[in-house]
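Keep in mind that the numbers below use all heavy atoms, side chains included, and drop hydrogens, waters and symmetry copies.
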Amino acid sequence: DVWQINNEIDVHHPADYSYNEFEKRDKEFIEAHVKAASDAIRSKDPRANITVNVTGWPVTDEVQDNWEEFIEPLLPY
């Protein structure tokens, strides 16, 4: 199974999908949110594949840099 936690989590708040311009506290919240969701999913399916979706059209160097900065801390989950 593949589970996607949120949609465009880099620009939308996970709680209500409102637009969000992220600051450090937001990234900490998102990391905690993704970890909690991953832990819950893996408690039922330890072999689950888990992903998050980020915004990114059109693809530019700036967008790719944002992906790397945003997703790297989430890789352990």
Side-chain angles (χ1 to χ4, degrees):
D1 291 337
V2 176
W3 292 77
Q4 177 178 307
I5 301 172
N6 295 101
N7 188 49
E8 296 182 339
I9 197 170
D10 58 326
V11 295
H12 295 287
H13 196 281
D16 63 7
Y17 204 65
S18 62
Y19 186 77
N20 194 2
E21 292 191 21
F22 289 94
E23 297 176 10
K24 182 178 174 78
R25 70 180 189 283
D26 300 311
K27 289 181 181 180
E28 291 169 355
F29 170 80
I30 288 169
E31 186 173 343
H33 173 79
V34 169
K35 181 184 183 317
S38 294
D39 288 349
I41 292 166
R42 290 211 170 98
S43 74
K44 299 296 181 187
D45 183 358
R47 296 178 8 169
N49 293 304
I50 298 172
T51 188
V52 296
N53 172 283
V54 293
T55 191
W57 186 258
V59 178
T60 63
D61 288 342
E62 182 180 352
V63 168
Q64 185 164 345
D65 290 344
N66 178 58
W67 291 342
E68 292 171 8
E69 176 186 347
F70 193 85
I71 290 184
E72 187 172 341
L74 304 176
L75 291 176
Y77 311 113

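Heavy-atom minimum distance, Val34 versus Ile5: O-CD1, 3.9 Å. Summarising the geometry of Pro73 relative to Pro76, their closest heavy-atom pair is O-CD, 3.4 Å, with the distance given to 0.1 Å. Across all non-hydrogen atoms, the minimal contact from Val54 to Phe70 is CG1-CD2, 3.9 Å.
If you check the side chains of Asp10 and Asn66, you find a donor sitting under 3.5 Å from an acceptor.
Counting heavy-atom neighbours within 6.0 Å of Trp67 CH2, excluding the residue itself, gives a total above 12. For Asp39, the CG atom counts as densely surrounded, since its 6.0 Å shell holds more than 12 non-hydrogen atoms of other residues, nucleotides or ligands. Around atom CD of Glu62, no more than 12 heavy atoms belonging to other residues, nucleotides or ligands sit under 6.0 Å away.
Hydrophobic clustering of Ile, Leu, Val, Met, Phe, Trp and Tyr side chains at less than 4.5 Å, counting indirect connections, unites Ile50 with Val52. Note on Leu75 and Trp3: same hydrophobic cluster, where clusters join Ile, Leu, Val, Met, Phe, Trp and Tyr whose side-chain heavy atoms are under 4.5 Å apart, directly or indirectly. No single ILVMFWY cluster, assembled from side-chain heavy atoms under 4.5 Å apart, contains both Val63 and Tyr19.
Checked by atom type and distance alone, the side chain of Glu31 never pairs as donor or acceptor with a backbone atom of His33 at under 3.5 Å. A donor-acceptor distance shorter than 3.5 angstrom exists from the side chain of Ser38 to the backbone of Tyr77, with no hydrogens or angles considered.
Remark: of the listed residues Asn6, Val2, Asn7, Asn7 is the sole one forming a side-chain contact (heavy atoms from CB on, under 4.5 Å) with Gln4.
Interatomic distance, His12 NE2 to Glu8 CD, rounded to the nearest 0.5 Å: 4.5 Å.
Considering only residues two or more places apart in sequence or on other chains, Glu69 meets the salt bridge (Lys or Arg N to Asp or Glu O under 4.0 Å) condition with Lys27.
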